There are 2 protein chains.
Amino acid sequence: MTLSSAKKMNLQHKDFYSKNDKIYVATDCIIFGFDDGDLKLLIFKRKQEPDAGIWSLIGSFVKLDEDVNNAARRVLEEITGLSELYLEQSKTYGNADRDPGYRCLSVAHYALIRIGDYDKKLVEEHGAYWYTLKDLPTLALDHNKMVSDALAILRRKARYEPIGFELLPEKFTIPQMQKLYEAIYQRELDPRNFRKKLLSHKVLIKLEEKDKSGSKRGAFLYRFDSEKYEELRESGYNFEI
Amino acid sequence: MTLSSAKKMNLQHKDFYSKNDKIYVATDCIIFGFDDGDLKLLIFKRKQEPDAGIWSLIGSFVKLDEDVNNAARRVLEEITGLSELYLEQSKTYGNADRDPGYRCLSVAHYALIRIGDYDKKLVEEHGAYWYTLKDLPTLALDHNKMVSDALAILRRKARYEPIGFELLPEKFTIPQMQKLYEAIYQRELDPRNFRKKLLSHKVLIKLEEKDKSGSKRGAFLYRFDSEKYEELRESGYNFEI
DNA sequence: CCAAAAGTGTTTACACTACACCCATGA
DNA sequence: TCATGGGTGTAGTGTAAACACTTTTGG
């Protein structure tokens with residue numbers, strides 16, 4: 001422990017637990033992005049032994065004076081340059097033998113980020129790469145399991161909470177959103193039904209502009225009305241798609 | 001670290017992470033039970049300083065050579081004498097200042113147990129007590145938050161998985177099950193609709209016997225057909241109530 | 001015989017599904 | 001002008017919700 005850590009924690013007092021074991025605590029981040037019709041994952045080449053050079057999630061040890069979720073935020077900011085992003089704890093991996101490097105517990109977090117909305121230089125400096133989920137390589141340690149668990153959580157969540165907006169640009173079209181959901185659930189959806197249900201929640205603001213990147217005709221852009229959504233949510237409304 | 005710990009982990013090799021901080025890791029158990037129409041929680045008087053004597057969840061430190069989920073099982077068995085029970089990880093609490101005793105992370109687990117199905121002596125020896133959820137006292141550290149988080153998870157889960165059976169005796173009546181769901185959701189349910197939906201899954205076996213404790217007429221007892229449920233589940237069926 | 005809980009069916013509204021065609025535009 | 005994706009409406013079906021009375025039996 002560093003001196004500054006001790007000061008921040010105000011650890012003048014006794015360590016009441018000193019007869020027990022201490023363990024390394026890490027956090028690993030499952031970073032989802034969406035681009036080009038595909039759900040992607042940001043991974044990089046592990047620098048730390050053991051398994052250095054292997055594709056891996058991005059993670060870090062938790063410092064003695066650091067909240068676990070802040071450790072995850074720190075990692076994400078270091079890599080992407082983004083300080084405000086959607087981040088949730090997913091699950092904790094605590095088997096004694098999960099890390100051959102030493103006993104180390106990992107509190108996994110998953111993040112949703114808009115691809116292109118981050119500092120590309122930072123990402124490149126870290127040897128990071130956006131992999132399409134479908135052809136993800138074998139990752140270090142138990143990271144593949146972390147990804148599949150997080151994906152299951154994402155799927156469940158996407159059904160009941162408007163997290164899709166975290167993965168699309170601020171202005172997006174209905175067909176884009178549909179493609180996102182199709183990527184998350186790996187199945188096709190009916191465009192009429194999808195549009196109907198999405199708009200039925202009345203939390204989208206239709207803009208004048210069109211996005212012509214997807215077709216000659218162009219599709220109207222929308223914005224998510226987060227104030228209205230918060231209102232609805234507080235009065236017991238349940239987003240569902 | 002004890003010698004036996006070192007042997008079990010086979011830690012002949014280098015500690016690759018030695019320049020990082022280590023942290024105490026604990027697990028705390030949110031133990032739900034159901035009795036007398038009420039959802040209850042098993043808590044006890046904390047023995048460890050700080051906060052010794054305060055009502056608290058049951059927990060323990062995780063040993064260096066111990067899986068986190070096994071630590072939770074160990075705690076539950078020590079208290080209740082039950083080795084086989086429904087146990088799930090709920091959430092990890094990792095704020096730097098959450099425990100004034102020292103930096104300590106807690107991986108919370110929740111368990112569902114049938115009240116009366118455990119060794120009462122063991123429980124009494126530990127100064128434990130079944131508290132009705134509604135009038136739960138203030139608990140040590142962040143344990144009240146742990147309880148409310150776990151309750152939220154339980155509610156979500158009860159809707160889509162047949163966890164009700166974990167909280168009732170092996171033989172139970174439909175009205176008992178309804179009371180359980182009413183306790184979980186804190187609202188009244190229509191007995192006709194509830195019965196219809198519950199039986200529609202075809203995973204209950206109606207017995208000849210009646211339970212007369214609840215009324216003069218008596219209610220038929222049922223058993224959960226877990227083999228059939230597993231079959232259904234494997235072929236993609238989704239329990240929902 | 002009566003209080004108290006168990007058990008039973010039907011109707012209604014709403015939400016989900018399936019499904020096919022026209023529109024706008026750039027090349 | 002045509003190829004491409006955007007956008008629209010409706011009928012049918014199944015599921016959830018609302019709702020009231022009869023049955024049983026111990027006291």
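What you see is a predicted model; the values in this text were computed from it and never measured. When reading the values below, keep in mind they use all heavy atoms of this one structure, side chains included, and skip hydrogens, waters and symmetry mates. The sequence lines fix the lettering, A, B, ..., with proteins before strands; numbering per chain opens at 1.
- Applying the salt bridge (charged side-chain N to carboxylate O under 4.0 Å, His left out) test to every pair with at least one member in residues 73-85 of chain B, sequence neighbours left out, gives these pairs: B/Glu66-B/Arg74, B/Arg74-B/Glu78.
- With sequence neighbours excluded, no residue forms a ring-ring contact (aromatic ring centres under 6.0 Å, His included) with B/Phe220.
- Sorted by residue number, the members of residues 209-217 of chain B with any non-hydrogen atom under 4.0 Å from DNA chain C read B/Gly214, B/Ser215, B/Lys216, B/Arg217.
- Within residues 177-204 of chain B, the residues approached by DNA chain C to less than 4.0 Å at the level of any non-hydrogen atom are B/Arg192, B/Arg195, B/Lys196, in residue-number order.
- Taking 4.5 Å as the limit, every side-chain heavy atom of B/Ile205 sits out of range of all side-chain heavy atoms of B/Tyr222.
- Contacts of residues 231-241 of chain B with DNA chain C (heavy atom under 4.0 Å): none.
- The shortest distance between side-chain heavy atoms of A/Tyr181 and A/Leu189 falls below 4.5 Å.
- Distance A/Ile174 CD1 to D/dG5 C1': 15 Å, rounded to the nearest Å.
- Pairs of residues two or more places apart, or lying in two chains, that qualify as salt bridge (charged side-chain N to carboxylate O under 4.0 Å, His left out) and include a residue from residues 203-216 of chain B are B/Lys171-B/Glu209.
- Taking every heavy atom of both residues into account, B/Ala183 and B/Leu39 meet most closely at CB-N, 4.0 Å.
- Side-chain polar atoms of B/His201 and B/Tyr229 form no donor-acceptor pair below 3.5 angstrom.
- In this structure, B/Tyr160 and B/Asn238 approach most closely via the heavy-atom pair O-OD1, 4.5 Å.
- Between the side chains of B/Gln186 and B/Glu182, no donor-acceptor pair is found at a separation under 3.5 Å.
- Side-chain contact, A/Asp149 with A/Tyr93: a donor N or O sits under 3.5 Å from an acceptor N or O.
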